[in-house]
Amino acid sequence: MAFYFSEPSHTFGEYLLVPGYSSAECIPANVSLRTPLVKFRKGREECPLTMNIPLTSAIMQSVSGEKMAIALAREGGISFIYGSQTVEEEAAMVARVKSYKAGFVTSDSNIGPDATLSDILELKERTGHSTVAVTSDGTATGELVGIVTSRDYRVSRMSPETKVRDFMTKFEDLVTAPHTTTLKEANDIIWDHKLNSLPLIDENRRLRYFVFRKDYDSHKENQSELLDAQKRYIVGAGINTRDYEERVPALLEAGVDVLCIDSSEGFSEWQSRTIQWIRQKYGDTVKVGAGNVVDRDGFLFLARAGADFVKIGIGGGSICITREQKGIGRGQATAVIEVAKARDEYFQETGIYVPICSDGGIVHDYHMTLALAMGADFLMLGRYFSRFDESPTAKVLVAGSYMKEYWGEGSNRARNWQRYDLGGDKKLSFEEGVDSYVPYAGSLKDNVGVSLAKVRSTMCNCGVLSIPELQEKAKITLVSATSIVEGGSHDVLLKDKAAAR
């Protein structure tokens, strides 16, 4: 006879946190969001890889590229570069993140000298950048021949067909520096010459980087950035259970810090084989997470197989239709609660603490705090990060509003059959994800700052100053459908709606 769970599964939206006693020490500035990423002997050793904020970006084409990885590491989290691309392409992305020099920006607004003012205006509209590098071939690494800023032209007094070479600031009038210049030296040059930007060039006058005055303060603000021993940004990468013997060595050569098996369902022999191969070849030096699972048995299987962390969640993502298509999954809150109990049992049994990651089901910012309170050590977010400037997708105008494209790895657009592979044909037999839009939200830094401010504030309401303390002391209540309605604005006429009448 089939096994029946006695209780229905629940989502985060069905729970609320009940306030606890808050002492005078419970202020947001005192809250620590540091959290372990990989397994360790808790109480006997330090975790070898921790994050300063409990956020990772999903292993998705529409979410985690190199720009996302740099931006999130700068805030203290980790991106997992998507694996649904060639080994060479993924390794190159990882290498670019590891070689990125904070403060040194590769130009993404470039034009040739024979272009026109009209082209400049179109480029500015597309990128939002007012500083445009003029290179001999119009590429980011061509020979620098000049720069165009908004001070170099007046639209009302110039023909749209005016050539860039006729109004740009020519190379001989620019202040430049060698590409070997340090960030401190570059900033000193900027301040000494009252510049807004400083181009760094190589011995052949080819453009390598820009350093911008406006970035100076932001670099000083990034106290939580996540760096390795060589002061490089930490980055993760997704792998699958098919080509890992080729993909893993290439990613390690590129400098990846942590891997994660990207799969819709992790309770499988394929994942244990992948972990076993990594352990036999590299021992415990290579950190690899696994998943996804939704119950105690799935967690224990992957923990015993040697996973460094375990991801929780099937069918809870905003673009995931696995539950609709196959009837497989579980409410995310219930899954996190059960797996957290299993993690604690495993720790009591072995002395090894295996962090768990809640992947999916986050709709509102307060769901982040609930997931952490229920036992998640960190979160993996797709839709949340897909809305930002740093995601790899296009920003498009839809019905008068700016949107970002967002699609699932199980959609026909992604065609990531490896993620849903059960040892069959190399194809997607049916879709388990949709192709969609999400509202454009601006920069990652601004949005993450607001979201984590809410998390810190809520933790103070609960009377705690760290994630482990939250998991120990949180009081959580299941709420009725009526009380969910009560939690929003009700029985009033909102001013914006009244004005529209």
Side-chain angles (χ1 to χ4, degrees), residues 3-18 54-58 60 63 264-267 291-299 310-343 356-387 406 408-410 432-434 436 438-439 451-452 454-455 458-459 461-462 467 470-471 474-490:
F3 177 80
Y4 289 85
F5 288 92
S6 58
E7 295 291 333
S9 63
H10 298 284
T11 65
F12 295 129
E14 297 175 77
Y15 289 92
L16 288 175
L17 287 156
V18 175
L55 304 182
T56 63
S57 65
M60 300 175 68
V63 179
S264 64
E265 207 279 289
F267 196 177
N292 287 16
V293 299
V294 292
D295 67 358
R296 178 180 184 275
D297 293 342
F299 169 83
V310 174
K311 248 176 353 105
I312 308 162
I314 294 176
S318 60
I319 42 68
C320 184
I321 54 173
T322 294
R323 296 180 193 175
E324 290 181 22
Q325 294 283 54
K326 301 198 303 189
I328 290 286
R330 199 177 193 188
Q332 188 69 2
T334 300
V336 170
I337 292 168
E338 180 173 321
V339 172
K341 289 179 181 177
R343 176 207 51 208
I356 57 174
C357 168
S358 177
D359 177 16
I362 302 293
V363 179
H364 304 292
D365 286 347
Y366 81 90
H367 291 170
M368 296 181 184
T369 320
L370 274 167
L372 296 171
M374 290 172 177
D377 294 284
F378 60 97
L379 317 174
M380 180 169 280
L381 306 167
R383 181 198 59 84
Y384 177 83
F385 285 115
S386 71
R387 303 171 301 145
Y406 180 45
E409 290 296 291
E432 292 189 44
V434 299
S436 64
V438 290
S451 296
L452 294 184
K454 295 178 186 178
V455 173
T458 304
M459 289 172 66
N461 291 142
C462 294
I467 293 172
L470 175 67
Q471 294 168 348
K475 295 184 290 185
I476 304 172
T477 180
L478 194 63
V479 295
S480 68
T482 304
S483 61
I484 292 174
V485 174
E486 179 187 59
S489 60
H490 59 89

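Listed by chain and residue number, Ser64, Ser79 satisfy the side-chain hydrogen bond (donor to acceptor under 3.5 Å, both in side chains) test with Ser57 (two or more places apart in sequence, or in another chain). Residues passing the side chain to side chain contact (heavy atoms under 4.5 Å, CB included) test with Ala340, sequence neighbours excluded: Arg343, Ile356. Partners of Ser480 according to the side-chain hydrogen bond (donor to acceptor under 3.5 Å, both in side chains) rule, which considers only residues two or more places apart in sequence or in another chain, are Ser483. Remark: Lys454 pairs with Asp365, Val450 by the side chain to side chain contact (heavy atoms under 4.5 Å, CB included) rule, at least two apart or across chains. Qualifying side chain to side chain contact (heavy atoms under 4.5 Å, CB included) partners for Ile337, counting only residues two or more places apart in sequence or in other chains: Tyr15, Lys341, Met374. Scanning for ring-ring contact (aromatic ring centres under 6.0 Å, His included) contacts around Phe5 gives Phe3, with sequence neighbours left out.
Here the side chain of Arg330 pairs a donor or acceptor atom with the backbone of Val294 at under 3.5 angstrom. For Thr56 (side chain) and Leu379 (main-chain N/O), a donor-acceptor pair under 3.5 Å exists by modelled atom type. The closest donor-acceptor contact from the side chain of Thr334 to the backbone of His10 lies under 3.5 Å. Side-chain atoms of Asn292 come within 3.5 Å of backbone N or O of Gly313 as a donor-acceptor pair. Between the side chain of Tyr406 and the backbone N or O of Arg383 there is at least one donor-acceptor pair closer than 3.5 Å.
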Item to complete: Might you work through the side-chain contact (heavy atoms from CB on, under 4.5 Å) test for Ser358 and Phe378, ending with a clear yes or no?
Response: CA-CA 7 Å; Ser358 177; Phe378 60 97; over 6 Å; no
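For the pair Val293 and Lys311, the minimum side-chain heavy-atom distance is 4.5 Å or more. Here the side chains of Pro54 and Leu372 are in contact, with some heavy-atom distance below 4.5 Å. Between Cys357 and Val310 there is no side-chain heavy-atom pair separated by less than 4.5 Å. At least one side-chain heavy atom of Leu17 sits less than 4.5 Å from a side-chain heavy atom of Leu370. Between Leu55 and Met368 the shortest side-chain heavy-atom distance falls below 4.5 Å. A 4.5 Å side-chain heavy-atom check between Ile362 and Gln332 finds every atom pair outside the cut-off.
Heavy-atom minimum distance, Val336 versus Gly375: CG1-N, 4.4 Å. Nearest approach of Phe12 to Ala371, heavy atoms of both residues: CZ-CB, 3.6 Å.
Rounded to the nearest 0.5 Å, atoms CG (Asp359) and CD1 (Ile312) are 9.5 Å apart. Residue Asp295 holds its CG atom at 11.5 Å from OG of Ser9, rounded to the nearest 0.5 Å. If you take CG on Asn461 and CE on Met459, they are separated by 11.0 Å, rounding to the nearest 0.5 Å.
Judged as a salt bridge (Lys or Arg N to Asp or Glu O under 4.0 Å), not a single pair has a partner in residues 6-17 (not counting sequence neighbours).
Aromatic ring pairs are classed by plane angle as parallel below 30°, tilted from 30° to 60° and perpendicular above 60°; the pair Tyr366 and His364 is parallel.
With a 6.0 Å cutoff to the six-membered ring centre and a 45° limit on the axis angle, Arg387 counts as a cation-pi contact of Tyr384.
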